[in-house]
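Keep in mind that what you see is a predicted model, and the values were worked out from it rather than measured.
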Amino acid sequence: MKFSIDLPPGFRFRSVVLSHGWADLPPFSFDHRTESLHRPLLMGRRKIIHADFSQKGRSLVVNIPHEKSLETARRRELSDLVRAVFRIDQDMRPFYTAAARHREFAWIRRLGAGRLLRSPSVFEDTVKMICTTNCSWALTKILTRNLCDKLGAGTVARPGTGLRTGKPFPTPAAMASVSEKFYRTKIRAGYRSPYLLELATRVADGDLDIERWRDPGVAPEVIREEIASVKGVGPYAAGNILKLIGRYDELGIDSWCRKQFASIHRRGRPVRDSVIEKHYARFGEWKGLFFWMDLTKEWYEKSYAGIFES
DNA sequence: GCGTCCAGGTCTACC
DNA sequence: GGTAGACCTGGACGC
């Protein structure tokens with residue numbers, strides 16, 4: 001089955017997928033040839049679907065090849081999920097207005113940049129963010145692959161069966177049901193193991209209502225306090241979780257950002273974080289997003305070669 | 001194939 | 001409040 005969701009003017013699917021590394025992390029997978037993003041999803045308690053997302057004109061097309069139809073409630077659930085993942089309802093006008101004041105950021109609006117791809121749940125975004133800390137991107141991919149393969153619902157389809165492979169991201173309950181030893185030996189999470197288990201347990205037990213972090217009605221100080229209470233989440237991870245929930249007033253600096261900033265603005269000379277903070281302070285509530293757009297500009301230059309400067 | 005070194009954020013103990 | 005050391009893995013490198 002297939003259905004479409006109307007997109008706001010200027011929306012560019014490629015720019016959302018390109019926005020950071022999430023499209024490269026299981027259970028997401030991106031097909032560069034067809035420009036479609038794939039992902040297995042757990043619907044309700046047991047139903048697993050394999051969905052492909054792509055853009056056609058002013059519509060986002062959701063294709064579920066092995067399903068003839070979906071119940072109305074499931075389809076609504078999927079539609080809400082898609083809107084959240086691709087930030088379809090995010091009003092970009094205030095950001096684009098701010099970007100228009102700076103010539104070096106004129107490209108942002110033209111390429112529909114600024115919507116950061118996110119997971120269906122805050123829980124998944126937070127787990128993945130912990131998995132990016134203090135390790136290579138290769139290890140982050142291994143950790144998230146292991147989480148899906150070993151704790152995701154369903155079974156992995158055998159090659160040659162014609163069925164889609166890959167399992168959805170595990171639920172908090174599934175992640176809370178295993179031991180710290182499991183995280184160390186099967187997931188290879190190392191010292192992050194107790195952090196992941198504690199987070200999953202708090203969410204599964206209802207002690208931490210992590211999904212409300214995306215609610216714009218929740219006070220910023222409440223969200224910051226709750227984020228700070230998650231073991232394994234320091235300044236870098238917190239800054240990036242805040243960006244994914246739609247609050248952009250923290251930078252979330254890591255070693256790659258330091259190198260990239262130094263390369264762009266200081267001819268490769270190392271700089272202190274305070275210098276980076278000062279550089280983007282003029283962007284106020286949007287400084288985290290301008291910071292990220294500035295550092296990743298070359299990704300867009302490569303991807304949109306030929307039309308970037310037009 | 002094995003051993004060593006390094007990079008990468010966060011936590012905790014200590015000053 | 002600031003700082004040093006521990007945590008753990010995969011990958012690069014030398015032998």
Do A:Asn240 and A:Trp292 have side-chain N/O donor and acceptor atoms under 3.5 Å apart?
no
Within 45° of the ring axis of A:Tyr304 and under 6.0 Å from its six-membered ring centre, is that where the NZ or CZ of A:Arg14 lies?
yes
Atom-to-atom span, CH2 of A:Trp256 to C1' of B:dG9 - whole angstrom:
17 Å
Kindly say whether A:Glu35 contributes a backbone atom to a donor-acceptor pair with the side chain of A:Ser54 at under 3.5 angstrom?
no
Please state how far atom CH2 in A:Trp137 lies from atom P in B:dC6, giving the value in whole angstrom units.
26 Å
Measure from the side-chain heavy atoms of A:Tyr236 and tell me the nearest of B:dT10, B:dT12, B:dG8.
B:dT10
Scan A:Ala237 against the nucleic acid and name what it touches under 4.0 Å (heavy atoms): base, sugar-phosphate only, or nothing.
sugar-phosphate
In whole angstrom, give the distance that lies between atom CZ of A:Arg184 and atom P of C:dT9.
7 Å
Earlier contact from the 5' end, DNA chain C, for A:Ala138 and A:Asn134:
A:Asn134
Take the protein atom CG of A:Leu139 and the nucleotide atom P of C:dA12, then report the distance between them rounded to whole Å.
13 Å
Distance test, side-chain N/O of A:Ser255 to OP1/OP2 of B:dG8, below 4.0 Å:
yes
Establish, with yes or no, whether the OP1 or OP2 oxygen of B:dG8 is under 4.0 angstrom from a side-chain nitrogen or oxygen of A:Thr132.
no
Between A:Lys259 and B:dA7, does any side-chain N or O lie under 4.0 Å from OP1 or OP2?
no
Just the rounded figure in Å: distance from C1' of B:dT10 to CG of A:Asn240.
15 Å
Rounded interatomic separation in angstrom, taking CG from A:Leu143 and C1' from B:dG8
12 Å
Walking DNA chain B from its 5' end, the first of A:Ser136 and A:Gly232 to be reached, judged by nearest nucleotide, is A:Ser136
Whole angstrom is fine here: how far is it from CZ in A:Arg192 over to P in B:dT10?
11 Å
Can you find a donor-acceptor pair, distance only, under 3.5 Å between A:Tyr191 side chain and B:dG9 base?
yes
Testing the 3.5 Å rule here: is there a donor-acceptor pair between the side chains of A:Asp125 and A:Ser119?
yes
Could you state the atom-to-atom distance from CG of A:Leu196 to P of C:dC7 in whole Å?
18 Å
Once the angle between the rings of A:Phe30 and A:Phe13 is folded into 0 to 90°, is it parallel (under 30°), tilted (30 to 60°) or perpendicular (over 60°)?
tilted
Distance below 4.0 Å between A:Arg188 side-chain N/O and C:dG10 OP1 or OP2:
yes
